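Working notes, structure below.
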Number of protein chains: 2
Amino acid sequence: MAEPRTRREQIVSAALDLLADAGPDGVTMRAVAARIGIKAPSLYKHFPDKDELETALIAEGFRQMAAVFTTAVEGSPDPLGSLATAYRRWATEHPHLYRLMTHKPLRRDLLPEGLEASAALPLVRAVGGNPDLARAAWALAHGLTSLELANRFPPDADIDAAWRTGIAALQAR
Amino acid sequence: MAEPRTRREQIVSAALDLLADAGPDGVTMRAVAARIGIKAPSLYKHFPDKDELETALIAEGFRQMAAVFTTAVEGSPDPLGSLATAYRRWATEHPHLYRLMTHKPLRRDLLPEGLEASAALPLVRAVGGNPDLARAAWALAHGLTSLELANRFPPDADIDAAWRTGIAALQAR
DNA sequence: AGTCTGGGCTAACAACGTTAGCCTTGTCAA
DNA sequence: TTGACAAGGCTAACGTTGTTAGCCCAGACT
């Protein structure tokens, strides 16, 4: 995250750090507050509740994804392939944030307008604008990622091969 | 779930009911206990902690999935298509249980041996034994399901079409 | 000079998972 | 028949969590 300037940004930044190195259970209001040297109830001067703080983390995740995916696609000879690599890479580098972003219904009303779309745009472009194909590709990527993060594949599974097989199939359309 | 006979089965059954109609937050040790007329601490005579109770719910989910998928595939002219339909159907009929089963690392050590494999077998058969293809298909199904349950597709999205597109692509392999 | 307001604080609450320790009931051995 | 023991209830309580109420201080503006 970029230099936190406002107190609100400091809080988000502290929560992101905590999420990254202690997992979702580590992100308690008291722990977040402590990390910036205040007490838990003071957080409520900046966020109405924990849900909105979490949504702010999710928004930051989307911002990062949008940036990473955009640069992954631009000028690539194989946009879908590059995107797939970038997707898996980002998710495995931010496993807890990725899960937070995807595992429950999104409070879209609390998210900046257009943010979600801007993270999705590179993919829509990469598949040539076919929305059904884009959704299938997204689902494939999310499914592979989610199953990998949840340790669902056996230890001897060749996850790269599963990605290649799936992407190649969709690419042929 | 079949007729709960032992106390342990009663507990699992009560927890499943609670999960289905009050969601994950509704499944508290106190609420589960109350539903069968006992107090929360008594649950600990049957399960060492809430984690193991949850794993018992997950095991029941796998049992149901294995049964449903097996009958969906057998004798079908289009095994993969039937399986896809059955998968989506089961998940949307048991959204909370589905999420519980998939959203975090699995305590395999607490699961009956072979149970996970028996739920996966119909799929492996349906794709002709290619493990990479099976994993891609599983990921596609899980991704589509998970995104649908988390309300990730816009209201005007044609989710059926996304399923058809994805499955057709994999089928062509 | 007086008045807001932003943003900290302490104390406290209810709900949660969990533990300690007690008591009753039925089974079975001596 | 009696006594031991295990299974399975119970109450009381603890620490942690999100959250609220209510107080207070500092700076900005009228």
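Only a predicted model underlies this, so the values are computations on that prediction, with no experimental measurement involved. Numbers restart at 1 for each chain; the letters A, B, ... are given by sequence-line order, proteins then strands. Only this structure's heavy atoms are used, side chains among them; waters, hydrogens and symmetry mates stay out.
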Once salt bridge (charged side-chain N to carboxylate O under 4.0 Å, His left out) is applied, do any residues pair with K45(B), and if so which ones, sequence neighbours excluded?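 Applying salt bridge (charged side-chain N to carboxylate O under 4.0 Å, His left out) to K45(B) gives none.
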Could you go through I38(A) and R7(A), starting from their C-alpha distance and side-chain angles, then the distance that decides it, and tell me whether this counts as side-chain contact (heavy atoms from CB on, under 4.5 Å)? CA-CA 11 Å; I38(A) 65 177; R7(A) 184 109 272 204; 3.5 Å; yes
Separation of [N] [atom2] from [X] [atom1] (nearest whole Å):
X: R30(A); N: dT20(D); atom1: CZ; atom2: C1'; result: 12 Å
X: K45(A); N: dC24(D); atom1: NZ; atom2: P; result: 14 Å
X: Y44(A); N: dG22(D); atom1: OH; atom2: P; result: 17 Å

In sequence, state the C-alpha distance, the side-chain angles, and the governing distance for Y44(B) and L53(B), and then conclude on side-chain contact (heavy atoms from CB on, under 4.5 Å). CA-CA 10 Å; Y44(B) 291 82; L53(B) 171 53; over 6 Å; no
With sequence neighbours excluded, tell me which residues meet side-chain hydrogen bond (donor to acceptor under 3.5 Å, both in side chains) with [X].
X: R30(A); value: none
X: D109(B); value: R107(B)
X: D17(A); value: none
X: E74(B); value: none

Would you indicate what R7(A) reaches in the nucleic acid, counting non-hydrogen atoms under 4.0 angstrom: base, sugar-phosphate, or nothing?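 It contacts sugar-phosphate atoms only.
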Once you build an axis from the first five pairs and another from the last five of the helix from dA1(C)-dT30(D) to dA30(C)-dT1(D), how far apart in angle are they, to 10 degrees?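 About 10° separates the two local helix axes.
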Would a distance-only check, ignoring hydrogens and angles, find a side-chain to backbone donor-acceptor pair under 3.5 Å from S82(B) to D78(B)?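 Yes, the answer is positive, given that a donor and an acceptor are paired below the 3.5 Å cut-off.
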I'd like to check the ring-ring contact (aromatic ring centres under 6.0 Å, His included) partners of W138(B); sequence neighbours left out, ordered by chain and number.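 Per chain and number, W138(B) pairs via ring-ring contact (aromatic ring centres under 6.0 Å, His included) with F153(A).
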Among residues at least two apart in sequence or on other chains, which ones pass ring-ring contact (aromatic ring centres under 6.0 Å, His included) with Y87(B)?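 F69(B), Y98(B).
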Strictly by modelled atom types, are H142(B) and S146(A) linked by a side-chain donor-acceptor pair under 3.5 Å?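 Result is yes, a qualifying pair exists.
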E54(B)/K104(B) ion pair, N-O < 4.0 Å: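 Result for this pair is yes, salt bridge flagged.
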For A161(B), enumerate each residue passing the side-chain contact (heavy atoms from CB on, under 4.5 Å) test, keeping only those at least two apart in sequence or located in another chain.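 Once residues adjacent in sequence are excluded, the partners of A161(B) under the side-chain contact (heavy atoms from CB on, under 4.5 Å) criterion are D132(A), D158(B), R164(B).
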Using chain A heavy atoms and a threshold of under 4.0 Å, write down where along DNA chain C the contacts begin and end, 5' to 3'.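 Listed 5' to 3', the contact boundaries are dG7(C) to dA12(C).
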When you check the phosphate oxygens OP1 and OP2 of dA7(D), does a side-chain N or O of H46(B) lie under 4.0 Å from one of them?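 So the side chain of H46(B) is outside the cut-off, no N or O lying under 4.0 Å from OP1 or OP2 of dA7(D).
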With the threshold set at under 4.0 Å for non-hydrogen atoms, list the residues of residues 32-43 of chain A touching DNA chain D in residue-number order.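 Nucleic-acid contacts, sorted: P41(A).
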Expected output is a numbered-order residue list: members of residues 47-55 of chain A with a heavy atom under 4.0 Å from any atom of DNA chain C. What is it?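 None, since no heavy atom is under 4.0 Å.
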